[in-house]
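What's counted below: heavy atoms across the whole structure, side chains too, no hydrogens, waters or symmetry copies. Predicted model only: the values in this text are computed from it and were never measured.
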Amino acid sequence: MSNPDTERDADGPTQVAIACQGGGSHTAFTAGVLRALLSEADWDDEFELVGISGTSGGAFNALAAWYGLVTADEATAVELLEGIWADMAASDYADGVLNQWVSLVSRFQSEGVGVPQVSPYRSPGSDWGKQRIRDILERHIDFDALPALCAYEEPELVVGTVNVSDGAFETFTNEDVTVDAVLASAAIPTLFEAVEINGESHWDGLFSQNPPVKDLMSVPGERTPEELWVIQINPQDRDEVPTGLAEITDRRNELAGNISLNQELRTIERINEWIENGHFDHPEYTTTTIRRVQLRGYHHSSKLDRDPEFLAELIEKGHTQGVAFLEGLDLEDDVEYPARN
């Protein structure tokens, strides 16, 4: 998908890549942020999307946004995001009861309460849950059509997983993004069996690149993003040191979820420094501004909660912060949004 004859237009729109961190139901927040970015930003003259990546629930969002854009427009992408999350919600009575039980167990576990567990390889609920997600994705996305949609001028699509056997971080890009790749990206080991792709077993991308960043940057120079917008589910910092067991467990979850992201962002920052210091003197080497939108205020145990009202709350919160993000784009790089108080 390279085109060496194409050069970056210095006077054209700012080239943007969006990375969507995983985090279960909390990634409904990401759907709200994307809704704001797609609806409120000027994607004709001010910005150009050159890539979007996601892990786990973030992969659902990245795929929906990408598919809507390459098949139609921003409005269609928003409709797909809303449609997928409406279907993911525990709306009927039986699913609502199951969701309450799963959420309660997750809260007990976070507080150190011993709860009996069953391997997903011995639980019929594992197959049911995976099939339900597959049905939802295939209802909204024509995966057979994806290869024909992956043209050079379209944004890169990247989904992150981890290879169970050798521990390698594995990403699937563009035409290689199948429904199995997206399912693998969301295959939490305690809930779902590993997903086999090309003879190899894959687990949730939360154990690898969360979200994938390197692939968004490893593109031809004229397509390298000038800005990287990270929608971050695990907050980077906290005002107070946690002391209770539930709060300590929550902070551990946040820190673990940000390890790979911070490593990849630090690499970008280091390359920015080398370019600014003149070590990379070539027109294709350009700095990339990093900006973040962060979700705050939710315990990690609610990442399995699919209550419709809870998901709607997260989506609205994301939309609000997405609007504030766009209003604060004149701030310096690597800042938090909404804008500084």
Side-chain angles (χ1 to χ4, degrees), residues 16-38 49-70 77-78 80-85 88 133-134 136-137 140-141 143 146 149-150 154-162 169-188 192 195 197 202-219 225 228-234 257-258 260-261 264-265 290-295 303 311 314-315 318 322:
V16 174
I18 302 175
C20 306
Q21 190 175 53
S25 297
H26 286 186
T27 55
F29 168 82
T30 304
V33 175
L34 289 174
R35 185 177 73 182
L37 299 182
L38 293 169
L49 184 68
V50 295
I52 186 166
S53 70
T55 292
S56 194
F60 300 165
N61 292 313
L63 172 63
W66 180 90
Y67 187 80
L69 289 171
V70 300
V78 170
L80 282 171
L81 286 164
E82 293 177 340
I84 286 176
W85 279 102
M88 289 287 183
I133 295 174
R134 179 188 293 273
I136 291 171
L137 293 174
H140 294 277
I141 307 294
F143 285 91
L146 256 63
L149 298 172
C150 297
E154 303 295 354
E156 292 280 302
L157 173 64
V158 186
V159 169
T161 71
V162 65
F169 298 174
E170 189 164 351
T171 55
F172 295 86
T173 61
N174 300 316
E175 62 271 10
D176 292 328
V177 176
T178 62
V179 67
D180 284 334
V182 182
L183 286 172
S185 186
I188 301 172
F192 302 112
V195 178
I197 303 174
H202 293 79
W203 267 345
D204 197 320
L206 297 174
F207 298 101
S208 59
Q209 296 165 280
N210 186 26
V213 170
K214 181 176 66 175
D215 293 82
L216 295 176
M217 310 301 296
S218 303
V219 293
L228 174 66
W229 297 351
V230 181
I231 305 176
Q232 194 167 343
I233 300 302
N234 301 307
N258 285 336
S260 64
L261 172 62
E264 291 198 87
L265 295 185
I290 301 170
R291 306 184 191 272
R292 312 185 198 219
V293 189
Q294 298 190 55
L295 173 65
K303 287 181 177 180
L311 297 183
L314 287 167
I315 290 172

Side chains of Val159 and Asp176: closer than 4.5 Å at any heavy-atom pair? no
Main-chain N/O of Asn234 paired with Gln232 side-chain donor or acceptor, under 3.5 Å: yes
Using a 3.5 Å distance criterion without hydrogens, assess whether the side chain of Ser185 forms a donor-acceptor pair with backbone atoms of Ser56. yes
Should Phe192 and Asp204 count as side-chain neighbours, where that means a heavy-atom distance under 4.5 Å? no
Taking the six-membered ring for Trp, are His202 and Phe172 closer than 6.0 Å centroid to centroid? yes
I'd like to know whether Trp229 forms a side-chain contact (heavy atoms from CB on, under 4.5 Å) with Val293, so could you lay out the CA-CA distance, the side-chain angles of the two residues, the decisive distance to 0.1 Å, and finally the verdict. CA-CA 8 Å; Trp229 297 351; Val293 189; over 6 Å; no
What closest approach, in Å, do Ala17 and Val50 show between heavy atoms, and which atom pair accounts for it? N-CG2, 4.3 Å
Using side-chain heavy atoms (C-beta onward) and a distance below 4.5 Å, is Glu156 in contact with Asp215? no
Sub-3.5 Å donor-acceptor pair from the side chain of Asn61 to the main-chain atoms of Thr27, do we have one? yes
Strictly distance-based, threshold 3.5 Å: is any side-chain N or O of Trp85 a donor or acceptor partner for the main-chain N or O of Leu311? no
Give a yes or no answer on whether the side chain of Glu264 reaches the backbone of Lys214 with a donor-acceptor pair at less than 3.5 Å. yes
Donor-acceptor check, side chain of Thr178 to backbone of Ala181, threshold 3.5 angstrom: yes or no? yes
Less than 3.5 Å apart, any donor N or O on the side chain of Asn258 or Gln21 sitting next to an acceptor on the other? yes
